[in-house]
Amino acid sequence: LAVSLMAIDRAWTPRAELDLLSRGKPITKRVRNLPPKRMAWARRAATKLERNASSPGSWGYPPGARSLLRFDTSNTQYATLGMRAATHLGYEVREQTWLGVVRYFGVVMERKGPKGEVSLVREGQAVPDEAEAHRLYLRSVPKVAGFRYSTLESHNHVDGALTCGAIASLLIARYELQALGSRKLNAKVEREIDEMIASGWAWLQQNWRLDRHPQHRTWYWYFLYSLERAGVLDRVKRVGGCDWYFEGAMQLLARQDVSEKKQGAWNDKGGDATPPTCFGLLFLKRGTSPLGPAITGK
């Protein structure tokens with residue numbers, strides 16, 4: 001449901017809107033001229049997606065004998081992306097859903113982590129000296145912490161894709177709460193969200209590598225796509241002095257199979273090349289549309 005909503009939203013997004021967002025300009029009105037039947041389907045899908053959350057703002061696989069009350073980061077981040085697409089299509093996502101997203105990632109964030117620093121260079125910020133790039137825009141973080149796969153205590157593994165997914169989801173939830181003019185998004189909650197995002201970036205900086213998925217043996221292409229989302233949504237160009245897009249693009253170009261049989265696909269495991277090729281293209285294209293300045297009020 002989520003990826004269908006994302007595809008429909010992007011297919012019907014006017015080029016002018018994407019151009020404004022890329023320049024950091026506000027969108028005063030979103031236009032999606034979908035055929036009536038398709039718009040009706042999208043609204044039904046959005047309603048089903050939101051109502052079938054395991055808890056407001058937290059999604060998991062359908063309940064079963066072994067998965068009662070289990071929410072997970074993978075389902076939740078995709079549902080968050082789907083809910084964002086639904087708002088673009090005119091669907092009003094409930095405030096408690098966005099608040100639930102913030103609450104969920106607060107639960108799956110690593111409980112302990114060392115104090116540290118993170119250096120993020122964002123779009124529009126100057127890098128006058130390449131040799132000193134990693135020291136620019138340095139800030140302290142209360143803890144260097146990534147994000148776990150699920151709320152189950154046994155799922156304590158943290159990796160790059162999960163952490164990037166958490167950063168992207170928190171950015172979306174904060175933006176949508178600002179757009180709603182939510183009174184529950186007070187200074188304390190804003191600060192908590194900012195610290196969670198910064199802690200996630202600090203974890204990525206500490207575990208930085210783009211030749212493989214940080215702290216995971218597989219899902220490399222998924223990690224790159226997750227990194228693209230976090231980087232675009234937070235308008236981050238460099239992490240710890242490293243240009244994430246340049247490094248990732250170099251890895252993708254070097255790994256592309258340009259043989260006559262594969263004809264430009266990505267896949268280093270010999271399986272279905274469709275998912276890694278889609279993830280590779282989304283990364284290279286910077287397929288995620290930026291957030292832009294929040295439009296406050298319903």
Side-chain angles (χ1 to χ4, degrees), residues 2 49-50 52-64 66-84 93-116 118 141-177 184-185 188-208 213-219 222-223 225-231 233-234 236 239:
L49 180 61
E50 185 173 28
N52 282 315
S54 304
S55 177
S58 304
W59 285 264
Y61 292 101
R66 297 183 179 180
S67 60
L68 289 173
L69 299 181
R70 169 181 165 176
F71 322 136
D72 69 75
T73 298
S74 188
N75 276 299
T76 297
Q77 66 162 318
Y78 266 103
T80 302
L81 291 164
M83 289 284 88
R84 179 200 182 200
V93 178
R94 293 176 294 180
E95 179 189 41
Q96 63 179 341
T97 294
W98 298 123
L99 291 169
V101 171
V102 175
R103 182 170 58 251
Y104 171 80
F105 285 102
V107 171
V108 296
M109 186 180 183
E110 285 186 293
R111 291 187 177 86
K112 295 182 180 180
K115 290 183 179 180
V118 64
V141 294
K143 64 178 178 180
V144 177
F147 293 80
R148 299 181 289 119
Y149 172 67
S150 85
T151 52
L152 295 179
E153 290 296 327
S154 58
H155 288 169
N156 55 10
H157 178 74
V158 172
D159 64 43
L162 297 176
T163 300
C164 289
I167 290 171
S169 299
L170 287 165
L171 288 164
I172 291 170
R174 180 175 64 185
Y175 176 88
E176 295 297 342
L177 286 168
K184 294 185 179 180
L185 187 68
K188 179 176 179 293
V189 175
E190 286 249 34
R191 184 172 60 255
E192 290 172 352
I193 294 173
D194 179 68
E195 289 179 352
M196 283 193 284
I197 292 170
S199 293
W201 280 118
W203 185 94
L204 288 165
Q205 178 176 302
Q206 187 177 91
N207 294 274
W208 191 258
H213 185 178
Q215 302 302 320
H216 202 292
R217 294 192 298 272
T218 57
W219 303 106
Y222 180 44
F223 159 64
Y225 166 61
S226 300
L227 177 62
E228 180 270 340
R229 278 189 281 115
L233 291 172
D234 209 8
V236 167
V239 184

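Quantities reported herein were computed from a predicted structural model and do not represent experimental measurements. Starting from 1, each residue takes its place in the sequence as its number.
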| message | Using side chain to side chain contact (heavy atoms under 4.5 Å, CB included), reason through Val101 and Trp59 one step at a time and then give a plain yes or no. | response | CA-CA 9 Å; Val101 171; Trp59 285 264; 4.3 Å; yes
| said: Could you go through Arg174 and Glu190, starting from their C-alpha distance and side-chain angles, then the distance that decides it, and tell me whether this counts as side chain to side chain contact (heavy atoms under 4.5 Å, CB included)? | reply: CA-CA 8 Å; Arg174 180 175 64 185; Glu190 286 249 34; 3.5 Å; yes
| task | Apply side chain to side chain contact (heavy atoms under 4.5 Å, CB included) to the pair Phe223 and Leu227, showing each step before the final yes or no. | result | CA-CA 6 Å; Phe223 159 64; Leu227 177 62; 4.2 Å; yes
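When the side chain to side chain donor-acceptor pair (under 3.5 Å) test is applied to Trp201, the partners found at least two apart in sequence or on another chain are Asp234. With sequence neighbours left out, the ring pair (Phe, Tyr, Trp, His ring centres under 6.0 Å) criterion links Tyr225 to Phe279. Residues meeting the side chain to side chain contact (heavy atoms under 4.5 Å, CB included) test with Gln205, sequence neighbours left out: Val118, Ser119, Val239. Among residues two or more places apart in sequence or in another chain, the side chain to side chain contact (heavy atoms under 4.5 Å, CB included) test is passed with Asn207 by Trp203, Pro214, Gln215. Applying the salt bridge (charged side-chain N to carboxylate O under 4.0 Å, His left out) test to Arg111 and every residue at least two apart in sequence or in another chain returns Glu153. Annotation: side chain to side chain contact (heavy atoms under 4.5 Å, CB included) contacts of Ser150 (sequence neighbours excluded): Asp72, Leu152, His155. The side chain to side chain donor-acceptor pair (under 3.5 Å) check on Gln77 picks up Tyr222, Arg229, with sequence neighbours excluded. The side chain to side chain donor-acceptor pair (under 3.5 Å) search around Arg84 returns Ser289, not counting sequence neighbours. Scanning for ring pair (Phe, Tyr, Trp, His ring centres under 6.0 Å) contacts around Phe147 gives an empty result, with sequence neighbours left out. Partners of Tyr149 under the side chain to side chain donor-acceptor pair (under 3.5 Å) rule, at least two apart in sequence or in another chain, are Arg70. Contacts of Glu110 classified as salt bridge (charged side-chain N to carboxylate O under 4.0 Å, His left out), with partners at least two apart in sequence or in another chain: none.
Across Ser199 and Met109, no two heavy atoms sit closer than the pair CB-CE, 3.3 Å. Closest approach of Val144 to Gly116, counting heavy atoms only: CG2-CA, 3.9 Å. In terms of heavy atoms, Ser55 sits closest to Phe71 at CB-CZ, 3.8 Å. In terms of heavy-atom proximity, Ile193 sits nearest to Leu170 at CG2-O, 4.2 Å. Contact record, Phe105 with Ser169: CE1-CB, 3.3 Å, taken as the closest heavy-atom pair. What you find for Ser226 and Cys164 is that their closest heavy atoms are O-CB, 3.4 Å.
Residue pairs meeting the salt bridge (charged side-chain N to carboxylate O under 4.0 Å, His left out) criterion with at least one member in residues 193-206, sequence neighbours excluded, are Arg139-Asp194.
For the atom pair CZ of Arg191 and CE of Met196, the computed distance is 12.0 Å after rounding to the nearest 0.5 Å. The distance from atom OG1 of Thr80 to atom CG of Leu171, rounded to the nearest 0.5 Å, is 11.5 Å. In this structure, CG on Asn75 lies 11.5 Å from CG on Asn52, to the nearest 0.5 angstrom. With rounding to the nearest 0.5 Å, the separation of CZ in Arg94 from CD in Glu50 is 4.5 Å. Between atom CD of residue Glu176 and atom CG of residue Leu99 there is a gap of 12.0 Å, rounded to the nearest 0.5 Å. In this structure, Asp159 CG and His213 NE2 are separated by 3.5 Å, a value rounded to the nearest 0.5 Å.
For the pair Arg148 and Leu162, the minimum side-chain heavy-atom distance is 4.5 Å or more. Taking the side chain as every heavy atom from C-beta outward, Ile167 and Leu204 approach each other to under 4.5 Å.
For the residue pair Tyr104 and Thr151, no side-chain donor N or O sits within less than 3.5 Å of a side-chain acceptor on the partner.
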